[in-house]
Amino acid sequence: MPAVQETIDRVRSIDLDQYKYGFETTIEMEKSEKGISEDVVRFISAKKGEPEWMLAWRLEAYKRWQTMKEPDWARVEYDKVDYKNIYYYAAPKRPAAMSLDEIDPEILKTYEKLGIPLREVEVLEGIAPERRVAVDAVFDSVSVATTFKAELSKAGVIFMPISEAIREYPDLVRKYLGSVVPVTDNFFATLNSAVFSDGSFVYIPPGVRCPMELSTYFRINERDTGQFERTLIIADKGSYVSYLEGCTAPKRDDNQLHAAVVELVALDDAEIKYSTVQNWYPGDNEGKGGIYNFVTKRGDCRGNNSKISWTQVETGSAITWKYPSCILRGDNSRGEFYSIAVSNGMQQVDSGTKMIHLGKNTTSRIISKGISAGRSQNTYRGLVSAHRKATGARNFTNCDSLLIGDQCGAHTVPYIESKNASAQFEHEATTSKISEDQMFYCQQRGLSNEEATALIVNGFVRDVLQQLPMEFAVEAQKLISISLEGSVG
Amino acid sequence: MAEITPLRTAAETGLTKLFEATKMKYPTGVSIAREEAFRYFEAVGLPTRRVEAFKYTDLRTAFRDAAHPAEMPSSEIATAALAAAKGFSEIEAVRLNFVNGHLITEASDLGRIPAGITVTPLNEAMTKASPLLAHLTPVRQAAENPIYQLNTAFLADGAVITVAAGAKVETPIHLRFVGAGTEAFSTATRVLVVLEEGAEATILETHEGPDGVAYQPNDALDVVIGDHATFRHARLNAEGREAVALSTLSARLGAKSAIETVNVVVGAVLSRHQVYLNFAGADANAVVNGAAMLNGKQLADTTFLADHAATGGVSRELFKTVVDGAATGVFQGKIIVQQAAQQTDGKMMSACLILSDEGQMMNKPELEIFADDVACGHGATCGALDDDLLFYLMQRGLPKAEAESLLVQAFLGAAIEAVSHEGAREALIGSVEAWLKARG
């Protein structure tokens with residue numbers, strides 16, 4: 001069939017060099033010694049001026065990690081990380097900035113290039129002042145700036161780097177840290193617990209609707225470093241918060257490790273909406289370089305009527321190993337997972353979710369759209385389980401895969417475990433290629449091949465894009481078209 | 001960190017002893033195959049939940065002890081056991097009767113085999129090292145399965161059935177397996193069916209045995225389906241209540257061939273039926289259905305794998321499970337579409353009705369797709385009987401139990417309908433009715 005040949009040619013011509021965030025910032029950095037040891041853990045803890053309990057927590061994690069084995073059940077193949085050969089801590093050398101003016105101009109430039117506003121003024125004077133976003137910018141191992149802190153604190157919202165929170169709100173952090181993702185959870189989470197350096201901490205007090213979107217932008221810059229951020233979000237009774245996360249990294253030939261842990265806690269009637277646009281450097285055409293994205297994300301609907309919603313657009317990373325999950329503990333709690341995972345080139349994605357129904361009348365919904373192109377492998381892996389006491393649990397899962405080109409793979413590995421009669425689970429999955437009828441229809445109406453594909457793909461992922469906050473939706477749509485550019489026949 | 005090698009269980013050690021003790025003299029090739037199969041099994045051991053393919057069915061726990069392989073029964077025992085066997089007995093068929101895993105030649109219809117078919121007892125084929133044995137293990141993946149390898153290692157008897165090119169055999173061949181005894185025993189049987197080009201045949205299988213005896217049947221059916229050939233198969237598992245029953249169907253499909261297989265489970269405390277299909281030729285067609293009715297502490301596992309290696313394969317799978325009491329239903333299905341298998345069309349559906357508070361269902365429907373021009377899908381549902389439907393029926397004057405039965409029957413019927421052989425279909429629907437009646 002000629003169309004297939006054409007597709008193959010196009011796939012061959014894919015140029016992953018279109019990754020536009022691949023530049024590197026030259027800046028003086030302070031690093032821990034290479035490799036991991038108790039001393040490095042102590043060094044990081046000391047750098048952060050942490051209390052004794054935090055150091056003990058880290059050391060415990062480190063001890064545990066040494067006894068653990070890297071998981072190999074995911075459908076990804078990669079050269080194992082040499083844990084002795086990376087830096088676990090890298091921070092810009094300049095002393096911690098008190099205001100934006102004190103931040104290294106190079107870093108400011110970096111974020112400008114990435115299109116992330118770190119200057120509140122600009123945003124305030126912007127054309128649409130009503131859509132403001134507070135930003136926490138994390139550069140390698142440290143948070144370099146957090147905007148709108150003052151205004152947020154007026155509402156009682158705490159939004160700050162987690163290293164600061166450990167010092168300023170030790171009781172809050174101590175109560176919740178590790179309560180969703182225990183120290184012993186898995187290999188990468190345990191490693192993160194030992195060496196995490198920064199990330200965001202959010203606390204929304206009871207009854208407060210967070211006045212603006214919160215967001216964190218992660219940037220890996222330094223060579224041979226791993227980024228281990230830790231995010232903790234607590235939505236107290238009746239509160240609401242929408243949180244966005246974005247990530248980029250420079251182009252490099254070697255692989256870099258990103259092993260983050262994100263914990264969400266929603267108490268009674270609270271709601272957390274967590275959106276991610278993941279655009280780490282995916283490596284080049286031949287699969288050289290790129291980020292290993294090994295992330296543990298989990299939300300705990302601890303209170304009754306609480307809700308946690310994950311939305312992710314995954315276009316970057318060489319290897320993705322990521323399963324944002326919800327523990328539906330509170331009665332009537334709700335979990336949602338909306339995901340678009342696009343893989344191209346030699347990328348490998350193994351992502352999905354877990355919905356663990358423990359409370360009564362809990363509901364969950366999973367909408368996952370995987371698009372694979374080039375020579376990539378894209379796997380959806382998910383678990384839906386209802387425990388004996390989770391009466392009235394409901395789940396709806398839909399995972400669709402779209403294959404573009406005949407060199408890629410799309411896989412689904414769902415686990416559906418129902419342990420009581422009143423639980424009602426529905427699962428459906430399909431895999432297909434873009435139908436020729438649809439293409440023909442669009443082309444007949446004057447769209448080019450590429451435009452038609454873009455239109456159909458956009459329709460395919462619409463359910464998920466709708467869940468993203470506005471600014472992100474636009475960005476995500478662009479991202480998807482960029483990462484599929486040149487891959488369609 | 002060093003790998004932890006689990007201690008060998010009593011059953012594993014027992015199996016090793018039994019293997020050494022019961023080794024029979026066969027020509028070299030056969031002996032080597034058995035030896036290799038056992039060494040494979042020995043290396044992996046009885047699978048636990050940590051083995052992904054056995055995540056929901058823990059054979060290490062199920063097999064406390066290795067039961068002694070059953071010996072050829074006396075003719076009185078065999079006659080009595082066969083007289084008591086009920087499954088598919090109303091059906092006009094050519095019967096091959098097995099008691100405790102041994103073909104009872106004098107009680108079988110070896111004298112009236114229809115034209116176009118040959119039947120050789122497996123024991124004889126092994127003793128004579130029949131070249132037909134080269135057709136054993138038609139699907140590669142089955143050889144990586146400890147249950148199947150255990151079957152190979154302990155093979156005692158079975159049959160080799162060939163259907164000549166172009167022969168369209170109307171009369172079904174009924175493989176009747178009956179267990180008899182008062183103490184635990186194990187059986188290992190294998191039936192190999194080779195359909196030559198354009199051949200058509202129907203194989204019916206029933207498995208029955210005594211309640212209250214923890215016997216361990218392990219049976220395998222290897223099928224090689226030639227180009228344009230059609231294989232129809234209906235299987236009834238009505239094993240005794242304490243049986244731990246393992247079975248494997250592996251089939252290789254030639255170009256434009258077709259397979260229809262329906263497995264109905266009512267018996268055994270633990271059963272695992274594995275189906276391996278290899279779409280070796282283009283445009284092959286498969287219908288694989290299953291219906292399981294479970295109560296008490298039963299666990300029924302259906303593990304299915306379709307490996308599409310050629311273009312244009314069509315597969316339809318429908319598995320229905322009804323769970324009552326504290327029973328557990330397990331479905332693991334996987335459709336693999338290799339890069340060469342363009343235009344594959346695969347649909348896999350698993351549906352479960354849970355009738356009790358303690359019942360549970362585990363579903364794991366997988367897709368593994370390397371070709372782009374395909375239409376593959378799977379669905380899985382799980383839930384209780386629809387209250388609205390119940391209400392509708394009760395409003396029309398049906399008592400609740402009857403309304404429930406009607407709905408369950410319709411639910412399971414959808415999977416059984418695919419059986420082409422009318423008598424077998426009716427008998428299987430009869431088994432659903434009997435199960436519902438016993439439920440009360």
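Note on naming: letters A, B, ... go to the chains in the order of the sequence lines (proteins, then strands), and numbering restarts at 1 for each one. These values consider heavy atoms only, across backbone and side chains, with no hydrogens, waters or symmetry-generated copies.
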Inset, instruction - For the residue pair A:His427 and B:Asn363, establish whether any side-chain heavy-atom pair is separated by less than 4.5 Å. - result: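 A side-chain contact is absent here, since even the closest heavy-atom pair is not under 4.5 Å.
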Legend entry - Top of A:Arg75, A:Glu426, A:Arg394, A:Glu428 for chain B proximity - count of heavy-atom pairs under 4.5 angstrom: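 With the most close heavy-atom pairs to chain B, the winner is A:Arg75.
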Inset, instruction - Could you check which of A:Val384, A:Thr397, A:Thr430 has the highest count of heavy-atom pairs closer than 4.5 Å to chain B? - result: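 Winner by heavy-atom pair count: A:Thr430.
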Other residues, nucleotides and ligands only: do more than 12 of their heavy atoms fall within 6.0 Å of [atom1] on [X]?
X: A:Tyr78; atom1: OH; answer: yes
X: A:Tyr83; atom1: OH; answer: yes
X: B:Lys437; atom1: NZ; answer: no
X: B:Lys347; atom1: NZ; answer: yes
X: B:Gln395; atom1: CD; answer: yes

Legend entry - Shortest non-hydrogen contact from B:Ser356 toward A:Ala421: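 For B:Ser356 versus A:Ala421, the nearest heavy atoms are O-CB, 3.2 Å.
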Legend entry - Heavy-atom closest pair, residues B:Gln342 and A:Asp406: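 Nearest pair, atom of B:Gln342 first, then A:Asp406: NE2-CB, 3.6 Å.
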Contacting region of [X] [heavy-atom separation from chain A under 4.5 Å]:
X: B:Ala371; answer: backbone
X: B:Gln332; answer: neither
X: B:Phe331; answer: neither
X: B:Glu368; answer: both

Rounded to the nearest 0.5 Å, how far apart are [atom1] of [X] and [atom2] of [Y]?
X: B:Asp372; Y: A:Ile404; atom1: CG; atom2: CD1; answer: 9.5 Å
X: B:Asp386; Y: A:Gln424; atom1: CG; atom2: CD; answer: 7.5 Å
X: A:Asn420; Y: B:Glu358; atom1: CG; atom2: CD; answer: 11.5 Å
X: B:Lys364; Y: A:Leu383; atom1: NZ; atom2: CG; answer: 11.5 Å
X: A:Ser422; Y: B:Asp357; atom1: OG; atom2: CG; answer: 7.5 Å
X: B:Ile335; Y: A:Thr412; atom1: CD1; atom2: OG1; answer: 9.0 Å

Inset, instruction - Can you tell which part of A:Arg381 gets under 4.5 Å to a heavy atom of chain B, answering side chain, backbone, both or neither? - result: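 No part of A:Arg381 comes within 4.5 Å of chain B.
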Inset, instruction - Check each atom of A:Ala423 against the heavy atoms of chain B and say whether the ones under 4.5 Å are side chain, backbone, both or neither. - result: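 Backbone of A:Ala423 only, per the 4.5 Å heavy-atom cut-off to chain B.
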Inset, instruction - Sort out for me which of B:Gly383, B:Gly377, B:Gly329, B:Ala380 touches chain A most, counting heavy-atom pairs under 4.5 Å. - result: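 Looking at each of B:Gly383, B:Gly377, B:Gly329, B:Ala380 in turn, B:Ala380 comes out on top.
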Inset, instruction - Check B:Lys55, B:Gln360, B:Met361 against A:Glu417 for a side-chain contact (heavy atoms from CB on, under 4.5 Å) and give me the one that passes. - result: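 Output: one option passes, namely B:Lys55.
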Legend entry - Polar side-chain atom of A:His411 near backbone of B:Ile369 as donor-acceptor pair, under 3.5 Å: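 Answer holds: yes.
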